[in-house]
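Report on one structure; see the data block that follows.
What you see is a predicted model, and the numbers here were worked out from it, not measured in a lab. Both backbone and side-chain heavy atoms feed into the values below; hydrogens, waters and symmetry mates do not.
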Amino acid sequence: MSAKREIDEVEEAEESGSAPKQIKADSNGGKAKSKKVKDSDDENGVGSEAEDDEDKSDTEKEDDIPSVPVEIPEKEKGKVLGPEGTGVVLICGGTNWDAAGRKTAPKGCKNSGPNLWSPHRFLPLANIRVRLVASGPNAAHSIVITEEGKAYSFGRNEKGQLGHGDEVRRDTPLIIESVKDEVLVGAACGRNHTLLLSVNGEVFSMGDNKNGQCGVKSSSQATVPTATSISYKGAPIVKVGCGGEFSIILDCKGAMHSFGLPEYGQLGHNTDGKYFVTSTKMGFHCEMTPKRIVCFIERTKDGKIKPVDVDEIRDFSCGTNHTCAIDSRKRLFSWGFGGIGRLGHAEQRDEFVPRLIKFFDSQNRGVRNVWCGSSYSLAINDFGVMYMFGQNKRTGEANMYPKPIQDLTGWNVRSVGVSNTSIVVAADDSVISWGPSPTSGELGLGETRKSSTTPIEVKSFDGMYIEQVTCGIAHTLFIVRDKSDEDKQRIESFEGYMPA
């Protein structure tokens with residue numbers, strides 16, 4: 001979910017999706033049933049997108065739905081706003097953080113923590129209202145930001161990515177003391193590093209800095225044990241993102257800045273940074289501090305490269321070694337590792353600078369949301385259709401170009417969690433998930449059906465409103481709305497989980 005900027009913004013109403021279509025088998029493999037799309041747009045849905053009045057001409061606006069100016073409280077002007085919805089945290093998936101994503105835990109690590117095959121109330125946060133949860137497709141750790149803007153972290157901590165000044169695993173969320181006086185509104189998790197975003201647009205980093213992914217000044221600092229302000233002087237930052245070993249930040253003027261490992265061209269600076277250390281050993285010239293991404297291109301059918309003018313980037317998402325970004329004209333660009341089609345260009349070429357995905361540029365409507373998993377990407381167009389390119393399965397045919405996910409047709413998708421291979425979607429008043437075996441419970445389908453290669457509704461969430469969902473490498477966190485007594489009763493019906 002992208003951060004909101006509050007300088008003369010307007011909200012653009014989105015059209016409803018195309019004709020509704022069925023999905024839905026229950027978690028025990030029950031019969032499918034149909035689902036009708038709501039006639040009106042959900043005010044909390046992914047369909048709303050801020051546009052600057054000066055940048056959007058009358059001819060570009062929808063004729064039938066006028067734009068409505070956003071009323072920004074005087075006290076909030078000049079600040080970065082986080083997600084509006086709050087609720088309580090539920091968790092499912094693997095909780096053996098040292099073993100997540102590995103066959104076995106490394107020698108000397110704590111090898112404990114159950115697999116939660118169905119959603120559980122996360123008892124350490126039972127009395128804390130939460131505004132944002134963050135993890136990532138490479139991360140075995142998570143960040144929780146409370147309604148008051150305080151950050152808690154838990155999970156794997158082998159490189160100090162939890163920000164507590166040590167490398168001790170935390171099964172129970174612990175407040176990050178080094179930023180306890182900051183009001184935080186955003187976070188992102190890489191493989192072994194973390195970024196935090198404050199309401200003032202300042203970015204803090206912690207964890208592994210071997211390749212400069214923490215963006216601090218000292219190139220000799222292999223790890224950053226506590227949350228430290230990055231080496232950046234420029235316009236306030238409104239969104240942060242982490243790949244496996246690189247980072248990207250977006251400023252309020254729509255410029256992206258990247259730092260970390262340049263392998264596969266994932267920093268977007270027209271280089272992969274490779275050099276020979278010896279005749280047989282390869283090294284990389286890493287970006288230790290944020291550097292602006294300045295070049296955007298498109299490749300014509302005859303193979304020629306043309307520059308593309310991009311005034312402003314509005315949103316982006318990072319996978320393990322690739323990134324996708326949406327500009328102010330709702331065009332989608334991708335760059336980095338091109339294996340098995342995750343860049344959407346119908347070829348497996350690595351892209352060293354952001355390249356326009358022609359598939360969406362040729363459609364009648366642009367892209368409004370994007371999420372990048374480990375080896376795949378998801379995008380939703382203005383009609384509400386979700387497309388996938390790349391591969392989230394370990395076998396079978398990959399999508400070399402964007403293809404619609406037919407099972408999600410007609411659903412109003414609001415939030416998406418992307419894992420290594422699993423996908424969890426909050427849509428309407430339901431949760432839909434899918435992913436191939438082996439899984440650790442991150443799909444929330446229960447012990448009787450631990451995996452599914454096709455989208456399936458998580459029946460335990462039926463009728464519940466999920467404010468946000470995020471996935472780590474083998475776990476999922478949900479923020480569930482608890483405004484009404486009915487909401488609270490439904491939440492209390494879930495089994496509780498208290499780490500040992």
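In this structure, the side chain of N270 does not engage the main chain of F352 through any donor-acceptor pair within 3.5 Å. Between the side chain of R131 and the backbone N or O of P83, at least one donor-acceptor pair lies under 3.5 Å. Side-chain atoms of R342 do not come within 3.5 Å of backbone N or O of I340 as any donor-acceptor pair. A distance-only check finds a donor-acceptor pair linking the side chain of S198 to the backbone of N200 [under 3.5 Å].
For the side chain to side chain donor-acceptor pair (under 3.5 Å) test, residues two or more places apart in sequence or in another chain that qualify with T86 are R129. The ring pair (Phe, Tyr, Trp, His ring centres under 6.0 Å) search around Y275 returns H285, not counting sequence neighbours. The side chain to side chain donor-acceptor pair (under 3.5 Å) test applied to E351 returns R355, not counting sequence neighbours. Qualifying salt bridge (Lys or Arg N to Asp or Glu O under 4.0 Å) partners for K291, counting only residues two or more places apart in sequence or in other chains: E287. Looking at residues two or more places apart in sequence or on another chain, you find a salt bridge (Lys or Arg N to Asp or Glu O under 4.0 Å) between R331 and D327. Every residue meeting the side chain to side chain donor-acceptor pair (under 3.5 Å) condition with D487, not counting sequence neighbours, appears here in chain and number order: S484. Residues that satisfy the ring pair (Phe, Tyr, Trp, His ring centres under 6.0 Å) test with F204, not counting sequence neighbours, are absent from this structure.
In this structure, the side chains of S334 and P354 stay at 4.5 Å or more apart for every pair of heavy atoms. The side-chain heavy atoms of I230 and I249, taken from C-beta on, include a pair separated by under 4.5 Å. You'll find the side chain of R156 reaches within 4.5 Å of the side chain of D98, heavy atoms only. L332 is listed as a side-chain neighbour of C324, based on a closest heavy-atom distance under 4.5 Å. Annotation: side chain of K210 is not in contact with side chain of N192 (no heavy-atom distance under 4.5 Å). Contact annotation: the side chain of K159 never approaches that of H193 to less than 4.5 Å [non-hydrogen atoms, C-beta and beyond]. When side chains are defined from C-beta on, F478 does not count as touching V133, because their heavy atoms never get closer than 4.5 Å. Contact annotation: the side chain of V425 approaches that of W434 to within less than 4.5 Å [non-hydrogen atoms, C-beta and beyond].
Listed here is the closest heavy atom pair of G190 and C242: N-CB, 3.4 Å. Residue F246 comes nearest to L261 through the heavy atom pair CB-O, 3.9 Å, listed as atom of the first residue, atom of the second, then distance. The two atoms that bring G338 and L343 nearest to each other are CA-CD1, 3.7 Å, heavy atoms only. Taking both residues in full, the closest heavy atoms of S374 and N138 are given as OG-OD1, 4.4 Å, listed atom of the first, atom of the second, then distance. Annotation for I143 and S153: closest pair CD1-CB, 3.6 Å, computed over non-hydrogen atoms. Of all non-hydrogen atoms in A100 and A140, the two that sit nearest each other are CB-CB, 3.9 Å.
A salt bridge links E158 with R102: the distance from a Lys NZ or Arg NE/NH1/NH2 to an Asp or Glu carboxylate oxygen falls below 4.0 Å. With salt bridges taken as basic N to acidic carboxylate O contacts below 4.0 Å, one links D315 and K239.
Paired with V240 under the rule side-chain contact (heavy atoms from CB on, under 4.5 Å), one option of L250, V203, T194, L196 passes, and it is V203. No option in D482, V480, V88 other than D482 meets the side-chain contact (heavy atoms from CB on, under 4.5 Å) test with K488. No option in H269, Q213, Q266 other than H269 meets the side-chain hydrogen bond (donor to acceptor under 3.5 Å, both in side chains) test with S258.
To the nearest 0.5 Å, atoms CG (L195) and CD1 (I237) are separated by 10.5 Å. The distance from the CG atom of L267 to the CD1 atom of I248 is 7.0 Å, given to the nearest 0.5 Å.
Heavy-atom contacts from other residues, nucleotides or ligands closer than 6.0 Å to NZ of K110 number more than 12. Remark: E486 CD is loosely packed, at most 12 non-hydrogen atoms of other residues, nucleotides or ligands lying under 6.0 Å away.
Sorted by first then second residue, the salt bridge (charged side-chain N to carboxylate O under 4.0 Å, His left out) pairs that include residues 430-442, not counting sequence neighbours, number zero. The salt bridge (charged side-chain N to carboxylate O under 4.0 Å, His left out) contacts involving residues 222-232 comprise nothing, where partners must be two or more places apart or lie in separate chains. For residues 128-174, the ring pair (Phe, Tyr, Trp, His ring centres under 6.0 Å) pairs, not counting sequence neighbours, are W97-F154, F122-F154. Residue pairs that meet the salt bridge (charged side-chain N to carboxylate O under 4.0 Å, His left out) test with at least one member in residues 256-276, sequence neighbours left out, do not exist here.
The six-membered or imidazole ring of Y232 lies away from that of F259, with a centre-to-centre distance of 6.0 Å or more.
Under 3.5 Å, the side chains of N369 and R414 contain no donor-acceptor pair of N or O atoms.
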For residues 493-500, which side-chain N or O atoms pair as donor and acceptor with protein atoms under 3.5 Å away, sequence neighbours left out?
unit_1	atom_1	unit_2	atom_2	d
S493	OG	R490	O	2.4
Y497	OH	T95	OG1	3.4

